[in-house]
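Structure first, then comments.
Residue numbers run from 1 in the order of the sequence given. Atoms within each ligand, like the ligands themselves, are counted from 1 in listed order.
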Amino acid sequence: MTSSTSATPPGEPVADEANRGERARQVLIRNDRGGYTVPSPGLYPFQWNWDSAVTALGWMTFDEPRAWRELDRLFEGQWDNGMVPHIIFHVQADTYFPGPAEWGAEGGNHSPTSSISQPPLAATMVRMMSERARDGALADREVTRLLPHLLAWHRWWFRDRDPDKTGLVVTFHPWESGLDNSPAWDAPLAAVPPTTRAYARRDTGFVDAARRPRQADYDRYVYLMDFFRQAKFDPARLYAECPYRVADFGLNAILLRATEDLAELCRRYGELGGAEEMSVAAGRSRQALDDLWSEKLGAYVSRDTRAGRLLEARTLSTFLAWYGRMAESTEVDRQLLTGLNEWTARTPHGLASTHPDAPEFDPQRYWRGPAWPHMNWLIARGLADAGHREEAAALHKATRSLIANGGFREYFNPMTGEGYGGGDFSWTAAVALFWCAAESSS
Ligand code: DGY
């Protein structure tokens, strides 16, 4: 192995710009398990849903067939009802808890999986990939193949997670938001009983426990997983009885953009019924998302639909409004922009996932404070689309420097820039390839 192909030890800076792209490509190649990419060896040894969507864009910069394959393999886990689970267990591995037997979702026509989903980035990534593709014929074949799967997934969200047609889909587990232990979920999670059964976490064998969710959170994560299995994943029963039921602003904003992108793909590929159906669904979401505005915070927030109250926590999800193309009112745009500038001025290293003045802010603990490269990108993408080039460029610069100084880590301390969590992290390497390597921020 040459130095450029050797593993980057967790936290080793990749300051040498010329070499950074090659290092990032090698991270993806090392994490390739045969058409899918593990997020980080050991800590996350399977295929994760939203990780794969971001990682596919990284592959797209140097191996287009492999990029499309990432999504093909993700949909191998799709359930008959359309749900695309958050983990696809393509192989056995004992370094992760909870594994397939715990979820109890084996069987059916799909690979073993978890029983919950994750933010639906895929349709937007498919649109971006098709627009960036150099091999147009391959892209056309792949989009045509993927469209029915994407439509089935979006229909599942709108049918099973919004049976009352409110325009907002709900999550039944904090992991579905992707922002697992965000302070926004503290209140609804407190209503979930802690499990009383024994189980052994594996994550803290890889990452300092102070940088992972707390044990009390895990006790509730496990309770919910067991509840889904015991309810035989019956959507009506889950909607009626799950003790955790949250309309997550971030997930709904991601779904909105993805649904509009899916409608556009359907139009381009002659699937006119799907285009119309997705446009109607997106219109309903766009209207309902307005109800998640908190006058108190001057920000979008999530709603606990079980308790019937807004979750007024100061988390970075509000800035996904631009990604969802929602900040079209000048007043909302102005308030969000003021909020973003004030937020980023408080931390020298990127966008903290929780506002640094919030009492729950913890710069080390996973989604309670650290900066995340892919979130920086999603938010910058939205900012650039809305014409806020300066703010997008600032996030671009901050992310480049996080990776240059902290390595291909999972997340970073926004006060010091120190990298934490899994090393050799796939979506960080992907972001380095498709975004940080570019001159422009969009
Ligand atoms: C984990 O295990 O920490 C994941 O984030 C859950 O998807």
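Of the protein's non-hydrogen atoms, the one nearest atom 2 (O) of ligand 1 is Tyr96 OH, 2.6 Å. In this structure, the protein non-hydrogen atom closest to atom 3 (O) of ligand 1 is Arg212 NH2, 2.7 Å.
Interface of His86 with ligand 1, defined as ligand atoms under 4.0 Å from a residue heavy atom, comprises 6 (C), 7 (O). Heavy-atom proximity to Trp175, at under 4.0 Å, picks out these atoms of ligand 1: 6 (C).
Ring centroid separation for the pair Tyr244 and His173 does not come in under the 6.0 Å cut-off. A distance below 6.0 Å separates the ring centres of Tyr366 and Trp372. A distance of 6.0 Å or more separates the ring centres of His349 and Phe412. Checked against the 6.0 Å centroid threshold, Trp48 and Tyr96 count as a close aromatic pair.
Within the 4.0 Å heavy-atom criterion, the part of Tyr366 lying near ligand 1 is the side chain and not the backbone.
Any N or O atom pair closer than 3.5 Å counts here, and Asp180 shares at least one such pair with ligand 1. Polar contact with ligand 1: present for Trp48 (N/O pair, distance under 3.5 Å).
By the 4.0 Å N-to-carboxylate-O rule, Arg197 lies close enough to Glu102 to be salt-bridged with it. Residues Arg66 and Asp32 are paired through a salt bridge, judged by an N-O separation under 4.0 Å between the basic side chain and the carboxylate.
Not a single heavy atom of Asp203 lies less than 4.0 angstrom from ligand 1.
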